[in-house]
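Order of the sequence lines fixes the chain letters, A, B, ..., with proteins taken first and strands second; residue numbering starts at 1 for each chain. Here the structure is a predicted model, which means the values were calculated and not measured. Heavy atoms only: backbone and side chains are in, while hydrogens, waters and symmetry mates are out.
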Protein chains: 2
Amino acid sequence: MINIALVNTKPLSRGDQTREALLAAALDAFGRSGFDAASTRAIAEAAGVNQALIGYHFGGKQGLYLGVFEHIVYRMQGRMAPVAEEVLRRLDAAPEDPVQRRDLALGLMLDMFDAYTDLISEASSAGWVRLVLREQQDPTEAFALLYDNIFSRLLALLGRLVALAVGLDAASETCRIRTLMILGQLLIFFIARGTTARYLEWGPPGPDTIAAIKQQFRLVLASQFSQGVAAS
Amino acid sequence: MINIALVNTKPLSRGDQTREALLAAALDAFGRSGFDAASTRAIAEAAGVNQALIGYHFGGKQGLYLGVFEHIVYRMQGRMAPVAEEVLRRLDAAPEDPVQRRDLALGLMLDMFDAYTDLISEASSAGWVRLVLREQQDPTEAFALLYDNIFSRLLALLGRLVALAVGLDAASETCRIRTLMILGQLLIFFIARGTTARYLEWGPPGPDTIAAIKQQFRLVLASQFSQGVAAS
DNA sequence: CAGAATTATTCAATTGACTAAATTAATCGA
DNA sequence: TCGATTAATTTAGTCAATTGAATAATTCTG
């Protein structure tokens, strides 16, 4: 947890290997079929592992499900933490000049965007996007895990940037709505995959598509911020 | 299709009643659990109908699934068609002055927004949002039904408005990306329900939340359009 | 009285969980 | 370094419950 490099160097034990394999297979299966429809037999087979090992390692299907989310949270946290730290540092040293503040906010937003792109470009992204979307519609215990550790922190950070850029109180509902809107501009491309595939004739998100999105994102934000949209 | 009032007046036959009941129950069940996890027994029970009637009326589970989407398409189409017609009419009579064109485009976008709000405010919205999200991730035959009849037309219309507002070619990729971004600003509130519930402390979308979204939407679009964001 | 609609029942297949037995890895004394 | 003891891990097989679909008999409708 503290030193990832060390953890990675030590070879995985036999048990850890099957745990990893089960988590990967479960991520895909739960995302694709949902909790009920995903069968433990299929997951075990996809992981190249005996079915009974699910019960042994995770206590059962439900435990495996939660394990998948803990795994997601752990990985996202690892990716996010250093970026968040850096953003906060630069945020504390924000200039007074409104124009400079907007430029800073815009720049930091693009930095945050970059921090997530490779996570999204990964082949496994489709898997947890499906999972997260499911939990968004019908939140369970797993959603609380996601929200408390990932979403709430991400939104708090992004909200501060939005507040800085448009001169709003970061705690206000207006600022929060605005923050979600900005997030929505990006997420739509990874949520509405079927539509992007046909409307934009795009495949799964790759470096070129992400670059195209970022470019428009930057333009839209620049114009949105440049005139300091009125509060309400 | 042509005269909804007439269709509604004629009382439903016994078979039509069970079909309707099955479709409503199936919409909820498929949306909530996904195709595989939703059981025909549970659907039939929720519809207050014998399980064997699914096979009788829809040929089987798969037929019922497609029937649900045909039903959604039919209802959305009925809601959308008159609005689209009106938008197209006013689009053909667009003024020459760039500023007026932007105002027109913005106004029409807000009109389109209004046309969909009551559809989204309905209690059943959560059901088909879940269904549509699922098909977006893993498109099946049902997605083609949705896209060809609903999404493609909606995007084409909205794309023309965006083109008008920012002075882009409606067929360009840039314009399409921009169009999806604008759509994403709104959809995020209905897609990320778990997050809006906690971040904004909102319940399911009601008149007040929709009003709040619309207000910010108008402000953002106004600032986005007012300076004619550069093409690329 | 036809034909549409509905019912109760049965079918093989698959589900998640559990258990006892078998196998592997780790530890320890010499 | 070696072999043996112990704990961790994996396996195959079983269980009751549930699945979608099909059937034949029955009821309702026009």
Within 6.0 Å of CD in A:Gln62, more than 12 heavy atoms from elsewhere: yes
Residues A:Lys61, A:Asp36: salt bridge by 4.0 Å N-O rule: no
Interatomic distance where CD1 belongs to B:Ile54 and C1' belongs to D:dT23 [whole Å]: 17 Å
Sugar-phosphate only, base, or nothing, as touched by A:Ala38 at under 4.0 Å among non-hydrogen atoms: sugar-phosphate
Where at least one partner belongs to residues 20-62 of chain B, residue pairs that pass ring pair (Phe, Tyr, Trp, His ring centres under 6.0 Å), sequence neighbours excluded: B:Phe30-B:Phe35, B:Phe30-B:Tyr65, B:Phe35-B:Tyr65
Distance, rounded to the nearest Å, where B:Tyr65 contributes OH and D:dG20 contributes P: 15 Å
Interatomic distance where OH belongs to A:Tyr56 and P belongs to D:dA8 [whole Å]: 7 Å
B:His57 side chain near C:dT6 phosphate (N/O to OP1/OP2, under 4.0 Å): yes
Separation of D:dA21 C1' from B:Phe58 CZ (nearest whole Å): 16 Å
Separation of atom CD in B:Gln62 from atom P in D:dT19, rounded to whole Å: 18 Å
Side-chain ion pair, B:Arg193 and A:Asp138, N-O less than 4.0 Å: no
Whole angstrom value for the distance that separates C1' of C:dC18 from NZ of A:Lys61: 16 Å
B:Leu64 CG - D:dA21 C1' separation (whole Å): 14 Å
A:Arg32 side chain reached by B:Gln137 side chain, heavy atoms, under 4.5 Å: no
End axis versus end axis in the helix from C:dC1-D:dG30 to C:dA30-D:dT1, the angle rounded to 10°, five pairs used at each terminus: 20°
Spacing of A:Phe35 atom CZ relative to C:dT15 atom C1', expressed in whole Å: 12 Å
A:Pro205 backbone acceptor or donor facing A:Thr209 side chain under 3.5 Å: no
Lys NZ or Arg CZ of B:Arg176 over A:Tyr199 ring: under 6.0 Å, within 45°: yes
Got a list of protein N/O to nucleotides 7-14 of chain C N/O distances below 3.5 Å?
from  : atom 1 : to      : atom 2 : distance (Å)
C:dT7 : OP2    : B:Asn50 : N      : 3.3

Out of C:dT6, C:dG16, D:dT10, whichever nucleotide has its closest atom nearest the side chain of B:Thr18: C:dT6
A:Lys214: which of A:Asp111, A:Asp208, A:Asp114 passes salt bridge (charged side-chain N to carboxylate O under 4.0 Å, His left out): A:Asp114
A:Arg41/A:Glu45 ion pair, N-O < 4.0 Å: no
